[in-house]
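A quick write-up on the structure given underneath.
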Amino acid sequence: MCTGSIREGGGALEDIVSVTPIGEPRHKITVAFLREKKLQHQPITCLTAYDYPSARLVDEAAIDIVLVGDSLAMTMLGYADTLSVTVDEMLHHTKAVRRGVKHALLVADMPYGSYHVGADDALRNAARFIKESGAEAVKIEGGEKRADLIRRVIDAEIPVAGHIGLTPQSVNVMGGYKVQGKSLSEIEQLMRDAVALDRAGVAFLVLEGIPREVAAMITEEVATPTIGIGAGPDCDGQVLVFHDILNLTFTPPAKFVRRYGDAAALITDAVHAFQENVVSHQYPADSESYHLSKETQQALETVLERKRGMRR
Ligand code: KIV
């Protein structure tokens, strides 16, 4: 437990843990800061971002964690699920997000297949996210059975976020996107998963698609911050998908999604207005056009007049 007099990372602890007043310069969010937030019962915020503009908007809105989720397979690339997105595709998006994020902790999802073949392969892929894309942590799905692998990645100086409950990369094993942890045996397994990852030293733990009561028990039990998605309000923080909160998914939202805006309507209206303006000759207006200077225009007139005279 830290006290106000302890110094970390060169700054006084109160500088690191205090909630930054509006208008004050923001601190860089670190894994240690997230732990302090849990201790101080300050909710942690996380949103996905997949490109430069969304990254800038999310970061500038003071969100703590920006996650380049493999959900980009669906939201950005139009795949049916997360399974086919590749390391190279994830790196491409993470690099763009890196350019837009200054303050938030930048976390990238390790996609399906990038850590399933062997530990050496997983380490190589995790290191690519750090070296090539500037991610500050990677996220790996799976509980107890991934604890040793996660320990190895952390030993290679790469912070790892865990992800248990409804893990979309296991969709074929789960037989669909179903709420997990509903029976006593499933709850026991989830607790074992959470404790194993906590002991392995995960930076934080995503709890997806589990009953509120189970998420609350896990949050109470582990030292690492829990970040819920469809896991109720008792987690240490919440994560949602950028496209979900803005109605950009083209699918009905899940129960836990709250829509904070309708970007689809905004974009559709703007695109229709442009289309109508062009076909009705209302765009561009003269004021939206470039013009010659008076002198050049007069000189051009003289040249054209001369040419017309020569043709006569
Ligand atoms: O890929 C993703 O967006 C995620 C979040 C839903 C946690 O993993």
Side-chain ion pair, R56 and D51, N-O less than 4.0 Å: no

Residue pair I229 / L240: nearest heavy atoms and the distance that separates them: CD1-CA, 4.3 Å

Spacing of S84 atom OG and Y112 atom OH [to the nearest 0.5 Å]: 11.5 Å

Other residues, nucleotides, ligands: >12 heavy atoms within 6.0 Å of H272 NE2: no

Spatial distance of atom CZ (R98) from atom OH (Y52) [nearest 0.5 Å]: 12.0 Å

Smallest separation among heavy atoms of S114 and V87, with atom names: CB-CG2, 3.5 Å

Stepwise side-chain contact (heavy atoms from CB on, under 4.5 Å) test for T30 and L34: CA-CA 7 Å; T30 61; L34 298 179; over 6 Å; no

Test log, rule side chain to side chain donor-acceptor pair (under 3.5 Å), inputs E276 and Q282: CA-CA 8 Å; E276 282 163 15; Q282 290 180 70; over 6 Å; no

Residues K28 and E136 bridged, charged N to O under 4.0 Å: yes

H92 atom NE2: more than 12 heavy-atom contacts under 6.0 Å: no

Side-chain donor-acceptor pair present, Y177, E208, cut-off under 3.5 Å: no

Interatomic spacing from CZ in R128 to CG in D88 - rounded to 0.5 Å: 4.5 Å

Neighbour count >12 (heavy atoms, 6.0 Å) for atom CZ, R192: yes

Common cluster, L57/L105, ILVMFWY with side-chain heavy-atom separation under 4.5 Å: no

NZ/NE/NH1/NH2 to OD/OE distance under 4.0 Å, K102 and D59: no

Residue L184 excluded, over 12 heavy atoms near CG under 6.0 Å: no

Side-chain heavy-atom pair V68, D109 within 4.5 angstrom cut-off: no

Heavy-atom pair of closest approach, residues I154 and V202: CD1-N, 4.1 Å

Under-4.0 Å salt bridge between D236 and K37: no

Residues, nucleotides or ligands: over 12 heavy atoms within 6.0 Å of E220 CD: no

Atom of I63, atom of A104 and distance for their closest heavy-atom approach: O-CB, 3.4 Å

Residue pair D244, R259: steps toward the salt bridge (charged side-chain N to carboxylate O under 4.0 Å, His left out) verdict: CA-CA 7 Å; D244 279 339; R259 283 198 167 146; 5.6 Å; no

Between T226 and T219, a side-chain donor and acceptor under 3.5 Å: yes

Spacing of Q180 atom CD and T167 atom OG1 [to the nearest 0.5 Å]: 7.0 Å

Residue pairs, two or more places apart or on separate chains, that pass ring-ring contact (aromatic ring centres under 6.0 Å, His included) and touch residues 230-261: Y50-H243

Distance-only donor-acceptor check, side chains S289 and D286, under 3.5 Å: no

Polar contact flag, side-chain donor to acceptor under 3.5 angstrom, D64-H103: no

Donor + acceptor pair across side chains of Y79, E89 (<3.5 Å): yes

Lys/Arg N to Asp/Glu carboxylate O, K131 vs E157, below 4.0 Å: no

Single-linkage hydrophobic cluster, 4.5 Å side-chain cutoff, I29 and I158 together: yes

Non-hydrogen atoms of V85 and L72 that approach each other most closely: CG2-CD1, 4.0 Å

Sidechain N-carboxylate O distance under 4.0 Å for D120, R152: yes

For the student: nearest non-hydrogen atoms of V241 and T48, plus distance: CA-OG1, 3.5 Å

Atom pair CZ/CD of R308 and E301 - distance to nearest 0.5 Å: 6.0 Å

